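None of the values given here were measured: they were computed from a predicted structure.
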Amino acid sequence: MKQLLLSDFDGTLTTRDTLPTFIRYACGWKRMAVGFLVFSPILILMKLGFYPNWKAKQRLFKWFFGGMKIDRFNALCTGFAAENAHLLRPQMAQIVAEAVQRHDRVAVVSASIDNWVAPFFGDGIQVIGTQIEVKDGHITGKFKTNNCYGPEKVNRIRQEIGLEPRNELLITAYGDSRGDREMLALADSAFKVMGNGQLRELRSANEKPSATAQTYGEIIRFGIVGLAATALQYGVYLLCLPLLARLFPAMADNPLATTANTVGYIISFVFNFIASTRYTFRVKANARRGAGFALSHVVNYLLQTATLNLFILFGLSKQVAMLPMFCVCVPINFLLVRFFLKRK
């Protein structure tokens, strides 16, 4: 029976995502920092699931490399691989090398641009990656193929390797993220490469993480969304304070702060519900969850109002009083939101 080894590249064969590392190598720290700052809104929207992964990646790639001569780009790719061989995980490199020695077919299937992936490997290893468009010897900044991620990995494997007859082919696959899920599902034996480099055999490519790991993931995503929503609410609050003071000069500090916080809270609430359902807890938005989410935030709003005014009475300024208020209210809000969005 023929053997086929399939492996993801970033995070599986390597210890990190090579896109930012390559950009830093090719463009330097300063240009990299400026580029990621320019595209930070798009990258945040991508992480929240509101902007296509491939489109964000293509726009970022075009900003850094659009118009560059392909010969220069390929030279940078070769130099990058030569200087960064230490990024390869020793255990995974050994697994791949042993498969090549056995004359198994080996393919590295990656969402990264294949120009900088291929130089990491020698003969006997096929690289299937995202390909870039070149015209008149210059990079256009567009992708020639679809981003080799998720289902597209399987499409490219079928196109470039072929899997027929399937009953005469034994496939082993390695991956580390949800972008590898479909490729792992294709395999007879699938392994997830953990962050520490250890391998965990999957009973199913769609195997769910443990309840503890799932909760930790939700806490991290809640923190990301919470920071964005809090920054939005606090920004609106600070903008409203001088505006309300001009419109209602006789208004006392407490009602002024409460009104400004209410406006910010409403705007933040809309963003928070969309992000919490689609990104944090990954559940489908419906009327029942919307009502539960609204109820949790009514409780949170009343708690915020009470603690905000309490800290102002304790002598904190209107601008500072919101900070300890968030420290009290955010953990309680997480428990309430999780209960209403996750309950069956």
Side-chain angles (χ1 to χ4, degrees), residues 6-49 51-65 73 76-93 96 107-121 125 127-132 141 143 145-153 156 173-184 191-200 217 220-221 224 279:
L6 302 171
S7 178
D8 171 53
F9 183 64
D10 294 300
T12 301
L13 283 167
T14 67
T15 55
R16 70 183 75 165
D17 184 359
T18 55
L19 174 60
T21 310
F22 178 74
I23 290 172
R24 184 187 66 196
Y25 172 84
C27 303
W29 274 104
K30 291 182 180 179
R31 182 164 167 76
M32 175 184 171
V34 171
F36 276 86
L37 182 63
V38 169
F39 286 96
S40 57
I42 288 176
L43 295 174
I44 291 171
L45 289 173
M46 180 194 75
K47 287 295 185 181
L48 293 174
Y51 197 86
N53 179 292
W54 71 268
K55 199 169 185 179
K57 181 178 173 182
Q58 182 175 258
R59 292 186 65 176
L60 190 71
F61 180 80
K62 184 176 183 179
W63 193 88
F64 283 109
F65 301 109
F73 183 74
L76 286 169
C77 293
T78 302
F80 174 71
E83 294 184 26
N84 288 275
H86 63 275
L87 294 178
L88 294 175
R89 297 184 188 274
Q91 182 182 6
M92 286 302 302
V96 170
V108 176
V109 189
S110 174
S112 282
I113 309 303
D114 57 8
N115 298 62
W116 75 66
V117 177
F120 277 88
F121 307 101
I125 299 176
V127 173
I128 302 173
T130 303
Q131 298 179 356
I132 55 175
F143 292 159
T145 62
N146 292 333
N147 187 32
C148 194
Y149 177 91
E152 184 60 21
K153 288 196 172 189
R156 293 286 302 282
Y174 298 85
D176 76 302
S177 68
R178 63 180 178 176
D180 306 317
R181 188 175 298 162
E182 289 79 7
M183 182 176 73
L184 294 174
F191 296 86
K192 181 174 182 179
V193 180
M194 312 303 290
N196 59 7
Q198 292 185 351
L199 300 180
R200 181 166 67 88
I220 292 170
R221 293 192 296 272
I224 294 171
Y279 175 67

So, taking the atom named [atom1] in [X] and the one named [atom2] in [Y], what distance separates them when rounded to the nearest 0.5 Å?
X	Y	atom1	atom2	answer
N147	F61	CG	CZ	12.0 Å
T18	I23	OG1	CD1	9.5 Å
L184	D8	CG	CG	8.5 Å
Q58	T130	CD	OG1	10.0 Å
W54	C148	CH2	SG	15.0 Å
F36	L43	CZ	CG	6.5 Å

Sidechain N-carboxylate O distance under 4.0 Å for K192, D180:
no

Any donor-acceptor pair under 3.5 Å linking the side chain of [X] with the backbone of [Y]?
X	Y	result
S7	V108	no
T14	L87	no
R200	M194	no

Testing the basics here: between [X] and [Y], what is the closest heavy-atom pair and its distance to 0.1 Å?
X	Y	value
K153	G179	CD-O, 3.7 Å
T12	M92	O-CG, 3.3 Å
D114	P119	O-CD, 4.4 Å
Y174	M183	O-CE, 3.5 Å
G79	Y25	C-OH, 3.3 Å
F39	R59	CZ-O, 3.6 Å

Do [X] and [Y] touch side chain to side chain, with heavy atoms closer than 4.5 Å?
X	Y	answer
F65	I132	no
P151	E182	yes
W63	V34	yes

Evaluate V127 against S110 for side chain to side chain contact (heavy atoms under 4.5 Å, CB included), listing each step before the verdict.
CA-CA 8 Å; V127 173; S110 174; 6.0 Å; no

Measure up the F22 and W116 rings against each other and bin them: parallel (under 30°), tilted (30 to 60°), perpendicular (over 60°).
parallel

May I ask you to decide if the ring planes of F121 and F9 are parallel, tilted or perpendicular, using 30° and 60° as cut-offs?
perpendicular

Test log, rule side chain to side chain contact (heavy atoms under 4.5 Å, CB included), inputs R178 and Y149
CA-CA 9 Å; R178 63 180 178 176; Y149 177 91; 3.6 Å; yes

Please walk me through it: do L76 and F80 pass side chain to side chain contact (heavy atoms under 4.5 Å, CB included)?
CA-CA 6 Å; L76 286 169; F80 174 71; over 6 Å; no

Quick one: do L13 and F120 satisfy side chain to side chain contact (heavy atoms under 4.5 Å, CB included)? Show the steps, please.
CA-CA 10 Å; L13 283 167; F120 277 88; over 6 Å; no

